[in-house]
4 protein chains.
Amino acid sequence: MLIQIDYKDKRPIYEQVIEKIQNLIVRGIIPADEKIPSVRNLAIELSINPNTIQKAYQELERLGYIYTVKGRGNYVAPSSSWKKDRREDYFGELDAVICELITMGVSKEEIIDFVNSK
Amino acid sequence: MLIQIDYKDKRPIYEQVIEKIQNLIVRGIIPADEKIPSVRNLAIELSINPNTIQKAYQELERLGYIYTVKGRGNYVAPSSSWKKDRREDYFGELDAVICELITMGVSKEEIIDFVNSK
Amino acid sequence: MLIQIDYKDKRPIYEQVIEKIQNLIVRGIIPADEKIPSVRNLAIELSINPNTIQKAYQELERLGYIYTVKGRGNYVAPSSSWKKDRREDYFGELDAVICELITMGVSKEEIIDFVNSK
Amino acid sequence: MLIQIDYKDKRPIYEQVIEKIQNLIVRGIIPADEKIPSVRNLAIELSINPNTIQKAYQELERLGYIYTVKGRGNYVAPSSSWKKDRREDYFGELDAVICELITMGVSKEEIIDFVNSK
DNA sequence: GTGGTCTAGACCACC
DNA sequence: GTGGTCTAGACCACG
């Protein structure tokens, strides 16, 4: 797996795990219905306590990114279960940042130029 | 003062205080070199532990939004000391959000439409 | 057979098998004294461990929905052996739900309207 | 507090805690914005590990029944944040039970009689 | 003191 | 072997 924990990061470990796996799923690196590492294996691989991975996996399931089959393992969910939510989340963030920039006197044109320069 | 603490907010209280005062300063509601409430007074007004206000004020000073005069109080710093930093921060955030949206298959045009609709 | 396992369902697989077969029996799709698939065959058909099917069949026998003839297979029991139990179970559930709704301030009339609208 | 754990119950302890506190809140026994016992205190009172209470409280917050203030404690949320969801949940359950009963040949009239007899 | 996170180690149901 | 739950005990940030 391509997951790395950053111990300098102030966020809790389980959040980092969530984010990393979200990334792998959203970018299509792990396809739908593919198995992801077992709680124990990932724990060993990252030298982390299994409970911490467990917490991350449970949250990922709650968010609709994976589904869990007891006695079998965890599998990535079809994109339909998270795609919409995720878009809305990011447009919400975009909205907040734009509000802040406009409040600070940045014009819409400047923002659009910035988007185009990407 | 126009500060309200939201206890249901997940962020620590001192961060909320920082954000609220930043807002008052950035929007020009408190002009440069104006005195802001003393640690003690604000603590009483918000029914909050003075240590919490103290922590917020220290951070605000570190960020360049206020300056402290020993024995006299805290004053709003001139905008030159924070304006640039703040713009860069928000453009950094904007950058991150746009990257995410593009990764998810949202086109630049959609993003620009969204900005224009504001 | 018309059985489908849903791996995203939180319940254990053997419970799903029980429920599905109960349904086929209760709705009369498999008549009394009809043979149901052998443990082995159903296991193969559903790509499931035979132990899981075995557990489901044992429970179905305990509940009176099927009876087992050693060396010959499993057969649907006559409705007399489960019909009464089942009705009582569901009226018990109905009772519990109605209690909760009333506790929450929902009137009997609202509940009756809901039943009639079905 | 009026909470009792039933060790014969097969459900996990944290679910029992959730259900018990939900009840206290829904029935108005603990009013909105009232403090509920701290994680540690309730753990001691019930002779349960604090982590288990913690899990229950986090779920209760996620469900909108309580809100948490770090360093202060947990408080019951205003009913607006859960009342609607809860009604929908129970009407959903009611719907399922009624479907089952009708499938078994129970008439609407019988069901309505049952409701009226309560 | 309060909640939030983490570790280590255990037992269980399920497959 | 797999996930789910629980205990015991620890450290941290917050107030």
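The shown structure was predicted, so the numbers you read here are calculated from the model rather than taken from an experiment. We name chains A, B, ... by the order of the sequence lines, and we start the count at 1 in each one.
Checked by distance alone, D/Arg40 brings a side-chain donor or acceptor within 3.5 Å of a matching partner on the base of E/dG3.
Phosphate contact (OP1/OP2 of F/dT2, side-chain N/O of A/Ser38, threshold under 4.0 Å): present.
Protein atom CD1 of D/Ile53 is 13 Å distant from nucleotide atom C1' of E/dG3, rounded to whole Å. Note: NZ (A/Lys10) to P (E/dT5) measures 16 Å, nearest angstrom. Rounded to a whole Å, the CD1 atom of A/Ile44 is 15 Å from the C1' atom of E/dT7. The CG-P distance, from C/Leu46 to E/dC15, rounds to 12 Å in whole Å. Taking atom CD1 of residue C/Ile18 and atom P of nucleotide E/dC15, one finds them 11 Å apart after rounding to whole Å. Atom pair A/Ile36:CD1 and F/dG3:P shows a separation of 8 Å (rounding to whole Å applied). Atom CG of A/Asn41 and atom C1' of F/dT2 are 10 Å apart (whole Å). Going from atom CD of D/Glu59 over to atom P of F/dC6 covers 13 Å, rounded to whole Å.
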Anything under 3.5 Å between a protein N or O and an N or O of nucleotides 13-15 of chain F, put it in a table, one pair a line.
from, atom 1, to, atom 2, distance (Å)
F/dC14, OP1, B/Tyr14, OH, 3.2
F/dC14, OP2, B/Lys55, NZ, 2.8
F/dG15, OP1, B/Ile13, N, 2.7

Using atom types as modelled, flag every donor-acceptor pair under 3.5 Å from a side chain in residues 70-79 of chain A to any protein atom, sequence neighbours excluded.
from, atom 1, to, atom 2, distance (Å)
A/Asn74, OD1, A/Thr68, OG1, 2.6

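Annotation for B/Gln4 and B/Lys20: closest pair O-NZ, 2.8 Å, computed over non-hydrogen atoms.
Evaluation of the side-chain hydrogen bond (donor to acceptor under 3.5 Å, both in side chains) rule for A/Glu19 yields A/Arg11 as partners, not counting sequence neighbours. Scored by the side-chain hydrogen bond (donor to acceptor under 3.5 Å, both in side chains) test, A/Asp89 finds no partners at all (sequence neighbours excluded). For A/Phe91, the ring-ring contact (aromatic ring centres under 6.0 Å, His included) test picks out B/Phe114, with sequence neighbours left out. In this view, D/Thr52 and D/Ile13, D/Tyr14, D/Ile48, D/Asn49 satisfy the side chain to side chain contact (heavy atoms under 4.5 Å, CB included) rule, not counting sequence neighbours. Residues meeting the side-chain hydrogen bond (donor to acceptor under 3.5 Å, both in side chains) test with B/Gln16, sequence neighbours left out: none. Residues satisfying the side-chain hydrogen bond (donor to acceptor under 3.5 Å, both in side chains) test with C/Arg87, not counting sequence neighbours, are D/Glu110.
A side-chain donor-acceptor contact under 3.5 Å links C/Tyr67 and C/Asp33.
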For DNA chain E, please output the secondary structure as dot-bracket, reading 5' to 3'. Pairs are Watson-Crick or G-U wobble, both atom distances under 3.5 Å; mark crossing pairs with [ ], other-strand partners with |, unpaired with a dot. ||||||||||||||.
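Looking at heavy-atom distances under 4.0 Å, D/Gln54 makes contact with a base.
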